Amino acid sequence: MTGTESLKEQAGIAACQFITDGMALGLGTGSTVRYSIIEIARMIEQEGIEVAGVPTSEDTRQLAEMLGIPLLEIRDAGSLDLTIDGADEFDQNFDLIKGGGGALTREKIVALASEAMVVVADDSKQVSTLGAFPLPVEVDGMAWDSVRDGISDLCPGPVALRGGEDEPFVTDNRGYILDCSFGPTISNPLDLESRIRAIDGVVEAGLFVGICDAVVMASQDEVSTLVKPGGRLG
Ligand code: 5RP
């Protein structure tokens, strides 16, 4: 296992400290939260906890099914107790860029349906200003080029169709993704999110503002749990 992979594993496992018996969980998507999902399966099998999860992507659904984690549909779950998910970037306000794996729309729906959200990350994801990671925006495939033009008016760098025109990446919702190179300039993510969402054809933007309550971050030296002051886990 590489150094980064080990950090992901440590963060993914440590985040399961927030899980208690009987919880309904949002199960995120990505290579870090994958370790949380494996740990949840272990807790079910070895500790006998009873939990159920709502997956945020078809990949996560397959993984959870393979591991024997009971699953729920979000419409049947009502409110979830906790979502654990990865992030591409997080800042000091616990605001996030997500969608590197293309699952941002379901990830946001599930996170917003949850009483609390914990992010798992290695320390490379911590930034002072969001935007070095190109912001993923899910769009209706029919309108991707007009949305690209609309976002280009807001974005100082290139706005690229993920996968390219010949073989666009297709999300679980049959949408496309635009990766928007803002650079580390997103000082008001709430304002940018509302401007992007106002463009016709946008399904969802990968800015998660005021949603995350804690980050479990692994670095070479330690795993730290950063809890948002005044957040739902504070
Ligand atoms: C998927 C996501 C992921 O959570 C994000 O890309 C982080 O993934 P990883 O843990 O693999 O770096 O938002 O849409």
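Not measured: the values here are computed from a predicted model. Order of listing sets the numbers, starting from 1, for every ligand and every atom in it.
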Visitor: Side chain or backbone, does Lys8 bring an N or O within less than 3.5 Å of an N or O on ligand 1?
Guide: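 Lys8 vs ligand 1: no N/O contact under 3.5 Å.
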Visitor: Determine whether the side chains of Ser219 and Gln126 contain a donor N or O and an acceptor N or O closer than 3.5 Å.
Guide: no
Visitor: Against ligand 1, does Ala87 come closer than 4.0 Å with any heavy atom?
Guide: yes
Visitor: How close does the nearest protein non-hydrogen atom get to atom 4 (O) of ligand 1, and which residue and atom is it?
Guide: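 Nearest neighbour among protein heavy atoms for atom 4 (O) of ligand 1, to 0.1 Å: Thr29 O, 2.8 Å.
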Visitor: What are the atoms of ligand 1, with element, lying closer than 4.0 Å to any heavy atom of Gly101?
Guide: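 Listed by number with element, the hits are 1 (C), 2 (C), 6 (O), 14 (O).
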Visitor: Only heavy atoms of Asp85, strictly under 4.0 Å: list the atoms of ligand 1 that pass.
Guide: 4 (O)
Visitor: Decide whether Tyr35 and Glu5 meet the rule of one side-chain donor and one side-chain acceptor closer than 3.5 Å.
Guide: yes
Visitor: How far is atom 1 (C) of ligand 1 from the closest protein heavy atom, and which atom is that?
Guide: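 Checked against all protein heavy atoms, atom 1 (C) of ligand 1 sits closest to Glu107 OE2, 3.0 Å.
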Visitor: When you check the side-chain N and O atoms of Thr60 and Thr29, is any donor under 3.5 Å from an acceptor?
Guide: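 Side chains of Thr60 and Thr29: pair found under 3.5 Å.
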Visitor: In a check of salt bridge (Lys or Arg N to Asp or Glu O under 4.0 Å) between Arg106 and each of Glu58, Glu73, Glu204, which one passes?
Guide: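 Result: among Glu58, Glu73, Glu204, Glu58 is the only option passing the salt bridge (Lys or Arg N to Asp or Glu O under 4.0 Å) with Arg106.
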Visitor: Once you round to the nearest 0.5 Å, how far does CD1 of Ile196 lie from CG of Leu135?
Guide: 5.0 Å
Visitor: Against heavy atoms of Gly102, which atoms of ligand 1 measure under 4.0 Å?
Guide: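 Result: 14 (O).
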Visitor: Distance to 0.1 Å, residue and atom name: give those for the protein heavy atom nearest to atom 8 (O) of ligand 1.
Guide: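 Here the nearest protein heavy atom works out to Gly30 CA, 4.0 Å.
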Visitor: Which atoms from ligand 1 have a heavy atom of Gly86 less than 4.0 Å away?
Guide: 4 (O)
Visitor: Tell me, which protein residue and heavy-atom name are nearest atom 10 (O) of ligand 1, and how many Å apart are they?
Guide: Thr32 OG1, 2.6 Å
Visitor: Is the shortest distance from a Lys or Arg side-chain nitrogen in Glu193 or Lys108 to a carboxylate oxygen in the other one below 4.0 Å?
Guide: yes
Visitor: Considering only heavy atoms, does Val33 approach ligand 1 within less than 4.0 Å through its side chain, its backbone, both, or neither?
Guide: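 For Val33, no heavy atom sits under 4.0 Å from ligand 1.
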Visitor: Regarding ligand 1, does Ala103 bring an N or O atom to under 3.5 Å of one of the ligand's N or O atoms?
Guide: yes
Visitor: So if I count the atoms of ligand 1 from 1 in the order they appear, which ones are less than 4.0 Å from some heavy atom of Gly99?
Guide: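 Contacts of ligand 1 toward Gly99, numbered from 1: 2 (C), 13 (O), 14 (O).
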Visitor: Does the side chain of Asp122 come under 3.5 Å of the side chain of Ser124 through a donor N or O and an acceptor N or O?
Guide: yes
Visitor: Rounded to the nearest 0.5 Å, how far apart are CZ of Phe90 and CG of Leu226?
Guide: 5.5 Å
Visitor: Which heavy atom of the protein is the closest neighbour of atom 9 (P) of ligand 1, given with residue, atom name and distance?
Guide: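 The closest one turns out to be Ser31 OG, 3.4 Å.
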Visitor: Name the closest protein heavy atom to atom 6 (O) of ligand 1, giving the residue it belongs to and the distance to 0.1 Å.
Guide: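 Atom 6 (O) of ligand 1 sits closest to the protein heavy atom Asp88 OD1, 2.6 Å.
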Visitor: Take every heavy atom of Lys125, measure it against each atom of ligand 1, and state whether any distance is under 4.0 Å.
Guide: yes
Visitor: Any salt bridge linking Glu9 with Arg34? Criterion: basic side-chain nitrogen under 4.0 Å from a carboxylate oxygen.
Guide: no
Visitor: Taking CZ in Arg232 as the centre, count heavy atoms belonging to other residues, nucleotides or ligands within less than 6.0 Å. Is the count above 12?
Guide: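 Enclosed.
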